[in-house]
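To start, I am sharing the structure in question, which I have written as structure tokens.
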Amino acid sequence: MRVKHFDHVIIEEYPLAKELNDEIINQLRDVIDYGHTNVKAFHTGWNWLPNNPIIKKFKEHILYRTEQTYSPGRRFDSWEPTLMKNFWANLYSKGDYAQSHSHKPFLYSFAYFVNAKWYDSPLIFDDSGAKVRPKEGRYVIFPGHLKHSVPKHRYNHPRITLSGNMAL
């Protein structure tokens with residue numbers, strides 16, 4: 001189901017969200033923090049759970065929607081598949097945030113809300129000022145060059161997201 005589409009940004013709901021969210025929360029119980037980057041919160045490694053079948057299904061969905069909407073592999077004379085280059089989880093605790101950044105040189109990136117309330121910090125596209133309110137099961141696919149950020153998380157419950165980058 002398409003929610004919005006602005007500035008080449010896709011916002012939709014993942015149809016198998018309950019299964020994915022349960023699996024992510026279960027898997028996060030045994031993960032160590034890989035340090036801070038632009039996201040000043042707990043995050044997993046860059047290629048998290050590559051063989052997990054539930055996550056593979058989700059990645060395939062994101063790749064399919066990216067190809068279907070943007071057709072990045074068809075931009076050149078010959079078709080090239082879009083590949084998921086990295087995939088990780090973020091766990092925001094109270095006070096955590098993501099400073100403004102882009103995902104260049106990747107063509108496309110995404111964010112997915114695993115555990116979030118509508119009033120939690122939104123994903124903000126800094127140049128346009130557009131805000132995407134969190135909703136469990138919602139994903140956002142966007143061109144990798146778009147600068148985005150997340151304001152400080154103000155609540156005691158965790159705000160959990162998945163993120164990833166795609167390239168040809």
Side-chain angles (χ1 to χ4, degrees), residues 1-4 6-7 9-50 52 54-63 65-66 84-104 106 108-126 128 130-166:
M1 173 179 111
R2 177 159 289 148
V3 177
K4 277 188 197 176
F6 62 89
D7 200 21
V9 173
I10 302 164
I11 305 170
E12 297 179 345
E13 310 294 320
Y14 182 54
L16 303 172
K18 171 101 174 81
E19 177 185 42
L20 176 63
N21 295 357
D22 289 348
E23 180 66 8
I24 296 301
I25 290 167
N26 184 49
Q27 292 291 335
L28 279 172
R29 291 186 178 127
D30 300 322
V31 177
I32 60 167
D33 188 354
Y34 275 77
H36 295 268
T37 58
N38 292 308
V39 175
K40 306 303 181 194
F42 172 97
H43 79 82
T44 66
W46 298 112
N47 187 26
W48 190 50
L49 300 173
N52 183 297
I54 294 170
I55 292 173
K56 276 183 167 180
K57 193 183 306 182
F58 172 70
K59 289 179 184 178
E60 288 168 5
H61 179 85
I62 294 295
L63 287 167
R65 290 298 296 127
T66 301
M84 187 73 61
K85 290 301 199 173
N86 29 56
F87 176 86
W88 65 97
N90 305 292
L91 194 150
Y92 293 79
S93 296
K94 188 173 184 173
D96 290 345
Y97 64 97
Q99 63 192 29
S100 181
H101 65 285
S102 73
H103 290 238
K104 285 195 298 190
F106 296 103
Y108 300 100
S109 298
F110 74 89
Y112 172 81
F113 297 101
V114 176
N115 187 57
K117 310 292 184 212
W118 68 268
Y119 52 82
D120 285 345
S121 298
L123 173 63
I124 299 175
F125 289 95
D126 300 322
S128 67
K131 296 178 182 180
V132 179
R133 283 269 162 226
K135 180 181 178 190
E136 292 178 7
R138 176 177 288 165
Y139 61 84
V140 184
I141 304 172
F142 54 95
H145 71 272
L146 291 181
K147 286 193 164 216
H148 55 285
S149 60
V150 176
K152 281 188 178 179
H153 183 57
R154 301 182 338 214
Y155 303 98
N156 290 324
H157 62 268
R159 177 187 183 274
I160 302 172
T161 62
L162 299 175
S163 297
N165 293 313
M166 297 167 274

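In what follows, residues are counted from 1 in the order of the sequence shown.
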**Q.** Any donor-acceptor N or O pair under 3.5 Å, side chains N52, E23
**A.**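 Yes, because at least one side-chain N or O of N52 sits under 3.5 Å from a partner of the opposite role on E23.
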Q | Distance-only side-chain donor-acceptor flag, Y139 / H61, under 3.5 Å | A |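 Present: a donor and an acceptor within the cut-off.
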**Q.** Contact check, side chains of K152 and D96, non-hydrogen atoms, under 4.5 Å
**A.**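 Not touching, per the 4.5 Å side-chain cut-off.
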**Q.** Heavy-atom check, side chain of L146 versus side chain of S102, under 4.5 Å
**A.**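 Result no, sub-4.5 Å side-chain heavy-atom pair not found.
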(Q) Are F110 and M166 packed together at the side-chain level, in the sense that at least one heavy-atom pair is separated by less than 4.5 angstrom? (A)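 F110 vs M166: side chains touch.
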Q | Partner set under ring pair (Phe, Tyr, Trp, His ring centres under 6.0 Å) for F142, not counting sequence neighbours | A |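 Listed in chain order: F125, H148.
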Q.
Any donor-acceptor pair under 3.5 Å linking the side-chain atoms of H157 with those of N115?
A. no
Q: Can you measure from CD1 (I160) to OH (Y112) and round to the nearest 0.5 angstrom?
A: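 Going from the CD1 atom of I160 to the OH atom of Y112 covers 11.0 Å.
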Q. Given the rule in the side-chain hydrogen bond (donor to acceptor under 3.5 Å, both in side chains) test, do N165 and N86 qualify, once you have shown the distances and angles that lead to the verdict?
A. CA-CA 5 Å; N165 293 313; N86 29 56; 2.7 Å; yes
Q.
Ring of Y92, cation from R159 - is the NZ or CZ under 6.0 Å from the centre and inside 45° of the axis?
A. yes
Q) Are N90 and W88 close enough that a side-chain donor and a side-chain acceptor fall under 3.5 Å? A) yes
Distance-only criterion, 3.5 Å: show the donor-acceptor pairs between side-chain atoms of residues 37-45 and protein atoms not counting sequence neighbours.
{"unit_1": "T37", "atom_1": "OG1", "unit_2": "V39", "atom_2": "N", "d": "3.3"}
{"unit_1": "N38", "atom_1": "OD1", "unit_2": "Q99", "atom_2": "NE2", "d": "3.1"}
{"unit_1": "K40", "atom_1": "NZ", "unit_2": "T37", "atom_2": "O", "d": "2.5"}
{"unit_1": "H43", "atom_1": "NE2", "unit_2": "G35", "atom_2": "O", "d": "2.7"}
{"unit_1": "T44", "atom_1": "OG1", "unit_2": "A89", "atom_2": "N", "d": "2.9"}

Q: Assign the ring pair H103 / H101 to parallel, tilted or perpendicular, where the plane angle (0 to 90°) is split at 30° and 60°.
A: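 Aromatic pair H103/H101 classed tilted.
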Q) What orientation do F87 and W48 show, parallel under 30°, tilted 30 to 60°, or perpendicular over 60°? A)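 Because their plane-to-plane angle is under 30°, the rings of F87 and W48 count as parallel.
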Q) Is it true that E12 and R138 make a salt bridge, defined as a side-chain N closer than 4.0 Å to a carboxylate O? A)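 No.
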Q) Hey, are the side chains of S163 and S109 touching, using non-hydrogen atoms and a 4.5 Å cut-off? A)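 No, their side chains stay 4.5 Å or more apart.
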Q.
Testing I141, V140, T66 one by one against I10 for a side-chain contact (heavy atoms from CB on, under 4.5 Å), which residue passes?
A. I141
